[in-house]
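For reference, the structure discussed in these notes is given below.
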Amino acid sequence: MDYEPKKIEQKWQKYWQKNNTFAAIDQTEKEKFYILDMFPYPSGAGLHVGHPRGYTATDFIAKMMQMKGKNVLHPMGWDAFGLPTENYAIKNKVHPEKITTKNIKHFKEQLEIMGLVYDPDREINTTDPNYYKWTQWIFLQLFKKGLAYEAEAPINFCPSCKTGLANEEVENGLCERCHTPVERKKIRQWVLKITAYADRLLEDLDQLDWPQPIKEMQRNWIGKSEGATIKFQIPNSKLQIDVFTTRPDTLFGCTYVVLAPENELINNLKPQIKNWPEVEEYTNDAKNKSELSRIEQKEKTGVKLEGVKAINPVNNEKIPVFVADYVLGDYATGAIMCVPAHDERDFEFAKKFDLPIIEVISKTAKPQQKMEEAYAENGYLINSNEFNEIKNEKAKKKIIKWLKEKNLADFTTTYKLRDWIFSRQRYWGEPIPIVHCEKCGLVPLNEKDLPLKLPHVNHYEPTGTGESPLAGISDWVNTTCPKCDGKAKRETNTMPQWAGSSWYYLRYIDPKNKQKLIDGKKEKYFMPVNLYVGGAEHAVLHLLYARFWHKVLYDLKIVSTLEPFQKLVNVGIILAPDGKKMSKSLGNVINPDALIKKYGADSFRLYEGFIGPFRERLSWDEKGIVGARRFLDRFYNLLKKEDRHENNKKIELKINQLIEKVENDIADFNFNTAISSLMEFVNLAQKNNLNKKEKEIIVKLLAPFAPHLCEEIWQEWGNKTSIFQSYWPKLDKENLRGAEITLIVQINGKTRGSLKIDANSDQKNAENAVEKDTRLSQHLGNNQKIIFVKTPQKPIAILNIIKKV
RNA sequence: GCCAGGGUGGUGGAAUCGGUAGACACGAAGGACUUAAAAUCCUUUGACGCUGAAAACGUCGUGCGGGUUCGAGUCCCGCCCCUGGUACCA
């Protein structure tokens, strides 16, 4: 009988489901292994061949770990709140809840036909009230701790999505989701104080086994800089300008000060400003500009505040004050001291406005003839009175200490990270469990009243006015205050998509718990996630938010680990055969269903692993899957061949090496080389036949990749339980090296031939072997050096004969 | 601009504590089987040279140019190109 995937695959998928073959156990002596995929957003388009790359990878590892005796938790769920579903619902006039249910069903079927069977009891769905009850519960804890607050400040607003966005959701001035230029708009918002955790989010990165680039991106996003805040007094006024700088050592070279257009101080200085109309026009212009156009504009602009001066505290010089949009309103104090001699941007601005450039740092402690560009390197102070000739790094501290005594400066630290804009003016999200009471103000709902269910309505179009569509549902909005029973209105904003995904990994551990978010004992057993696999696109969104919430939960003693995800591996994206990203609009999406129908799930899985290095981006090539299928045919036929009864040293050695190779490669995500070594072995075995024991070994080694076929063979052999309940082949560590090695003969470093010699040979033996070889022996002779090297890692030795030229 | 990763056959890729470059697979060419085709199996497949042909042999070859070494895809110096991230953060 031939290998026919259609006949066996469904059978085993049902079998695994029925027998809960891949379900983790809550209480056991076994060591746990928690392996997690970034759960998918169940979109209407379904899965393409890119998605399963990560899911099959975790499945390979999970299955091997299970066979190695671990209690493996490998769950799956649905991140289902959010805009794509809502937009689709509006367009097609179907309720998002219906669409979500349908999409999840479709996704599940797609995963199942790939042999991706998960524990159904642990499935979660962020839109399920039993789930989002706890998302809301976490929000209440954040509120009670003062980590959630209301603010009315200019924020990023996407005019297409008609909602406010977090800073993390803006890419180059465009909305991360729909690529519409983002506007600045003043809307009442809920904000989470992620900045309170900035230091911990930064420091704890060190303990994580994550890809360096991802850690670096988070570090840069948090953007900690240590420096000083310096006060510049304004003459004839009680006002002063606070500036933040990391270069207090250059203070003597500060020749002007610049305020951001958003800086409140400009309004306060209005009576003194002689050119107010000009200043007002400039600031209004800058404030209304989209972030995109502010980034695009290359040349520096600005307006001098006529009639206003600032006093440089180190030398009491009166220097001019400008407003310019190259200074950001929401970073540090929104004002800078400018040292054109030592800052490229200030240099450019000073040239344009013809401002003095004073050199205060010099590499040689001597002034340059003429400054052609800003000098931003280290050096010695000059033109800086008593600080002259001091190294600039040292001078930083000295100058601030000196000014601190006069109460004119202090050491400060600033972060790039801003608080998390958390509310969305959209329907399809978790309602925020807060009421606005006429008497009591903001009042959180009682925990026992959770979940606060999203009202089921027929109209959920975004209003675009800054209000959520929920605001129009008066019988839901009007409620009573949980505190005083008086009249109150519900908060109508909803949570962003990131809310549900910021803690889902915890709920898999205890999905049905009605009393608590998670049981403490279970949490201690299963956390942290040992291995987290997903795309790099979440480097500073999901991964930062989840770490933040986890730390809050840690402080609340709900979780016991400082970090949620111990090890992170990024899956490389799969491009369409044309080398472009797969997208519906380009029409280059490859759907796995048809491939599975044609070649079978096992071939598909095998090719997902074989296609190339897991972490790298690769183009999909449908022809490649043919090779996977051919291999499975050959594999099946090999097992059908008669058992070998005599000994075969070569096969015995190779199969032992194969166990080591496959095991290590799966653990290191080198699925491509694990599979190629299996192919190599099968090619070899075809000429030699295998005995029963060897057949058993290779079926087990292939089982994580081709579970259906291997389960079929396994149970055909009369085993009554799943192959995944059997044990992974044992490696014979003593016998990994053969009795023979290859001697590579080089002349002056160039390979001229190779011989087989005994593994224990020394140089003398090797030379003797060469001497016996008629062709190679001619190179041996006097007046030469011979280098003999044995490489411990490979079964080779090198004999390099160096001839004098 | 800055940060990170990467450039290896016709293609995907393998080999990086320096040691046979091109494993494995796709594609291609030839052959066997077949009335034929598909499937399967076998052989060949980096470029060039030498040769009637083959074996054998030689030269070159891992983005480019140098260097270290008996020996470099791998290490060092200087460039080029591609991909991702980031963008006036004071």
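Below, read A as the first sequence line, B as the second, and so on, with proteins coming before strands; counting in each chain starts at 1. The analysis underlying the following values was restricted to heavy atoms, covering all of them including side chains, and did not include hydrogens, waters or symmetry mates.
Picking from A25(B), G85(B), A14(B) the nucleotide with the shortest atom distance to the side chain of Asn672(A) gives A14(B). Listed nucleotides U59(B), A90(B), C24(B) differ in distance to Arg752(A); the shortest reach to its side chain belongs to U59(B). Considering only side-chain atoms of Tyr331(A), the nucleotide from C70(B), A90(B), G19(B) that sits closest is A90(B). Here A25(B) is the nucleotide among A90(B), G19(B), A25(B) with the atom lying nearest to any side-chain atom of Arg634(A). Listed nucleotides U20(B), A25(B), C88(B) differ in distance to Thr751(A); the shortest reach to its side chain belongs to U20(B).
Using atom P as the reference point in both A56(B) and G63(B), the two lie 29 Å apart (nearest Å). Of the P atoms belonging to G13(B) and A23(B), the separation is 15 Å, rounded to the nearest Å. Rounded to whole Å, the separation between the P atoms of U16(B) and C77(B) comes to 23 Å. Separating the C1' atom of G27(B) from that of U11(B) is a span of 7 Å, rounded to the nearest Å. Comparing C26(B) with C42(B), their P atoms are spaced 12 Å from each other, to the whole Å. Here, A28(B) and G46(B) have their C1' atoms 14 Å apart, quoted to the whole Å. Taking atom P on both nucleotides, A53(B) is separated from U68(B) by 43 Å, rounded to a whole Å. Taking the P atom of each, C17(B) and C76(B) are spaced 13 Å apart, rounded to whole Å.
Proximity of Ser676(A) to the phosphate of A15(B): no side-chain N or O atom is located under 4.0 Å from OP1 or OP2.
Within the model, atoms CD1 of Ile194(A) and CD1 of Ile421(A) stand 11.5 Å from one another, a figure rounded to the nearest 0.5 Å.
His542(A) and His538(A) have perpendicular rings, their planes meeting at more than 60° on a 0 to 90° scale where under 30° would count as parallel. Ring geometry for Phe669(A) versus Phe614(A): interplanar angle of 30 to 60°, hence tilted. In this pair, Phe604(A) and Trp620(A) present their aromatic rings tilted. The plane angle is within the 30 to 60° band.
At a threshold of 4.0 angstrom between heavy atoms, the contacts of Gln746(A) include nucleobase atoms, whether or not backbone atoms are also involved. Residue contacts for Asp346(A): at a heavy-atom cut-off of 4.0 Å it reaches no nucleic acid atom on any strand shown.
Under the rule for a side chain to side chain donor-acceptor pair (under 3.5 Å), Asp209(A) has no partner lying at least two apart in sequence or in another chain.
Lys352(A) and Glu299(A) are joined by a salt bridge, as a carboxylate oxygen and a charged side-chain nitrogen come within less than 4.0 angstrom of each other.
In this structure, CG of Asn748(A) is placed 15 Å from P of U69(B), rounded to the nearest angstrom. In this structure, Phe671(A) places its CZ atom 17 Å from C1' of A14(B), rounding to the nearest Å. Here U83(B) presents its C1' atom at 12 Å from NZ of Lys581(A), a figure rounded to the nearest Å. The OH-P distance, from Tyr415(A) to A90(B), rounds to 13 Å in whole Å. Computed from coordinates, the Asp330(A) CG to C88(B) C1' distance equals 13 Å when rounded to whole Å.
Contacts with RNA chain B (heavy atom under 4.0 Å) in residues 608-633 of chain A: Phe610(A), Ile611(A), Pro613(A), Arg617(A), Leu618(A), Lys623(A), Gly627(A), Arg630(A), listed by number.
Between Lys661(A) and Thr245(A), the residue whose closest nucleotide on RNA chain B is further toward the 5' end is Lys661(A). Both Ser754(A) and Ile336(A) lie close to RNA chain B; mapped to their nearest nucleotides by heavy-atom distance, the more 5′-ward contact belongs to Ser754(A).
A cation-pi geometry, defined here as NZ or CZ lying under 6.0 Å from the six-membered ring centre and within 45° of its normal, does not hold between Lys300(A) and Phe349(A).
Summarising the base pairing, U83(B) is matched to A4(B) through a Watson-Crick or G-U wobble pair whose two defining distances lie under 3.5 Å.
In this structure, Glu176(A) contributes its side chain and Val170(A) its backbone to no donor-acceptor pair below 3.5 Å. With hydrogens and angles ignored, the 3.5 Å screen pairs a side-chain donor or acceptor of Ser677(A) with a backbone N or O of Thr673(A).
Base orientation of G9(B): syn (glycosidic angle within 90° of 0).
The base of G85(B) does not come close enough to the side chain of Glu216(A) for any donor and acceptor atom to sit less than 3.5 Å apart.
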